[in-house]
Amino acid sequence: MNVAVQLDLFDYAESLEREELAKDNPDPESLRLGDRVHVHWNNGVEFDGVCTGLRGFWDNRKEFRLWHWVRRSNVKHSDGYRDSREDWTHFDPYRDQWTYLGRDEAFQMPDKASVKPRLVEAFKTMKFPERLAYYQSFTSEYPQHALEWHPIVSSAWREAIEETTTLADFLAEENGWSCKLALSQEARKFIESTVLETEPDAREALICRMRWIEQRSGHDGWFIAQPIRRDATYYRELYTQFIREARTPKELCSLVSMRGPGGYFTKEQPPAKFWVVDEE
């Protein structure tokens, strides 16, 4: 018999067996830590999973509150490719096809209390530029997108990067930093003469209110440059911390530049080459 036909018959037999077993599936509300399931997504991907007892997506959207998170293994893709790697994923027991397989009494979730200490110790052994890539790999060890775990893994990054990074470490990366803000001469003077003398906790808000004209070709009107208001990068907390800590004009100007550019085009005549907008 043709090998492909044999595989098709084998898959068909597996499918019939799962359908029969699924008749005895427990109430999805009773699924708990250690329950073993076989899941078949609508896109053809199927896998074995051990239930974690976790539900919901990190942003708490209503449509994802029924998601159950599992430790996934034995993944089979729609093209027949099998993946032996383990990872964390979800399924919706009210929408996805699934079969209850029994219990894994030995299954344990990772220790929440060890996440940050592990990250801090790892960061201490590497240079600053290496830490983000390490963290992005590190998070795969945890169900980072689950509602309960997302704040644990996210806060571990924020606290660990702050504890292990100095202002000097951060500024040493300036030359190779991408997407920097070009400060006008007037903006630099304002930072040096006014922002630097402002109370440290009030500096960031004042910086975000700076505006100046930047020459841009190919557009009617003027481009109004400004520091980005809401930094959404992994280094948001470092910017806030170091803007408070900066003690010299060079340090502060470098931090404002590294934070990144914002701005907009307008056809209205700007009030000056440089100005500070009112508090919003």
Point to revise | Evaluation steps, side-chain contact (heavy atoms from CB on, under 4.5 Å), between W157 and L132 | key: CA-CA 9 Å; W157 160 264; L132 178 55; 4.0 Å; yes
Practice item. Hey, can you tell me if F91 and H68 have their rings parallel, tilted or perpendicular (30° and 60° cut-offs)? Key: tilted
Review point. Can you check whether D87 reaches S140 side chain to side chain, under 4.5 Å on heavy atoms?
Key: no
Check your understanding: When hydrophobic residues are tied together by side-chain contacts of less than 4.5 Å, even through go-betweens, does V75 share a cluster with W88?
Key -> no
Exercise for review: Check for a donor-acceptor pair, side chain of S257 on one end and backbone N or O of C253 on the other, with a separation under 3.5 Å.
Suggested key: no
Check your understanding: Would V276 and Y264 show up in the same hydrophobic cluster when neighbours are defined by side-chain heavy atoms closer than 4.5 Å?
Key -> no
Check your understanding: Counting heavy atoms not belonging to D220, are there more than 12 under 6.0 Å from its CG?
Key -> no
Exercise for review: Take E174 and K180, measure what side-chain contact (heavy atoms from CB on, under 4.5 Å) needs, and give me the verdict at the end.
Suggested key: CA-CA 9 Å; E174 181 182 8; K180 290 191 291 187; 4.0 Å; yes
Check your understanding: For the residue pair Y235 and F128, does the interplanar ring angle fall in the parallel (under 30°), tilted (30 to 60°) or perpendicular (over 60°) class?
Key -> tilted
Point to revise | R203 (side chain) donor-acceptor with R244 (main chain) under 3.5 angstrom | key: yes
Check your understanding: Looking only at atom types and distance, does a side-chain atom of R211 sit under 3.5 Å from a main-chain N or O of P270, one as donor and one as acceptor?
Key -> no
Point to revise | Full working for side-chain contact (heavy atoms from CB on, under 4.5 Å) between V39 and E46 | key: CA-CA 5 Å; V39 178; E46 55 185 293; over 6 Å; no
Exercise for review: Assess whether atom CH2 of W58 is packed by more than 12 heavy atoms of other residues, nucleotides or ligands within 6.0 Å.
Suggested key: no
**Study point:** ring-ring contact (aromatic ring centres under 6.0 Å, His included) against W275, all qualifying residues, sequence neighbours excluded
**Key:** none
Check your understanding: Do the ring centers of F170 and Y239 come within less than 6.0 Å of each other?
Key -> yes
Exercise for review: May I ask you to check whether over 12 heavy atoms, not counting those of E268, lie within 6.0 Å of atom CD?
Suggested key: no
Exercise for review: Evaluate the salt bridge (charged side-chain N to carboxylate O under 4.0 Å, His left out) criterion for residues R55 and E29: first the C-alpha distance (whole Å), next the side-chain angles of each, then the deciding distance (0.1 Å), finally the verdict.
Suggested key: CA-CA 11 Å; R55 296 190 188 186; E29 294 299 316; 3.2 Å; yes
Practice item. Evaluate the salt bridge (charged side-chain N to carboxylate O under 4.0 Å, His left out) criterion for residues K189 and E192: first the C-alpha distance (whole Å), next the side-chain angles of each, then the deciding distance (0.1 Å), finally the verdict. Key: CA-CA 5 Å; K189 286 182 179 179; E192 296 169 3; over 6 Å; no
Check your understanding: Hey, does Q226 have a side-chain heavy atom less than 4.5 Å from the side chain of V277?
Key -> no
Check your understanding: Is L183 reachable from L171 through a run of I, L, V, M, F, W or Y residues, each pair having side-chain heavy atoms under 4.5 Å apart?
Key -> yes
Check your understanding: For the residue pair F57 and F64, does the interplanar ring angle fall in the parallel (under 30°), tilted (30 to 60°) or perpendicular (over 60°) class?
Key -> perpendicular
Practice item. Ignoring hydrogens and angles, state whether a donor on the side chain of Q241 or E245 is under 3.5 Å from an acceptor on the partner side chain. Key: yes
Check your understanding: CD1/I243 to CD/E204 distance, rounded to the nearest 0.5 angstrom?
Key -> 4.5 Å
Exercise for review: Report yes if the side chains of E251 and F242 come closer than 4.5 Å at any heavy-atom pair, otherwise no.
Suggested key: no
Practice item. May I ask you to decide if W41's main-chain N or O and R95's side chain share a donor-acceptor pair within less than 3.5 Å? Key: no
Exercise for review: Under the side-chain contact (heavy atoms from CB on, under 4.5 Å) rule, what do L167 and L255 come out as? Steps first, then yes or no, please.
Suggested key: CA-CA 10 Å; L167 176 58; L255 288 167; 4.1 Å; yes
Review point. With under 30° as parallel and over 60° as perpendicular, where do the rings of F123 and Y134 fit, or are they tilted in between?
Key: perpendicular
Check your understanding: If you draw a 6.0 Å radius around CD in Q269, do more than 12 non-hydrogen atoms from other residues or ligands fall strictly inside?
Key -> yes
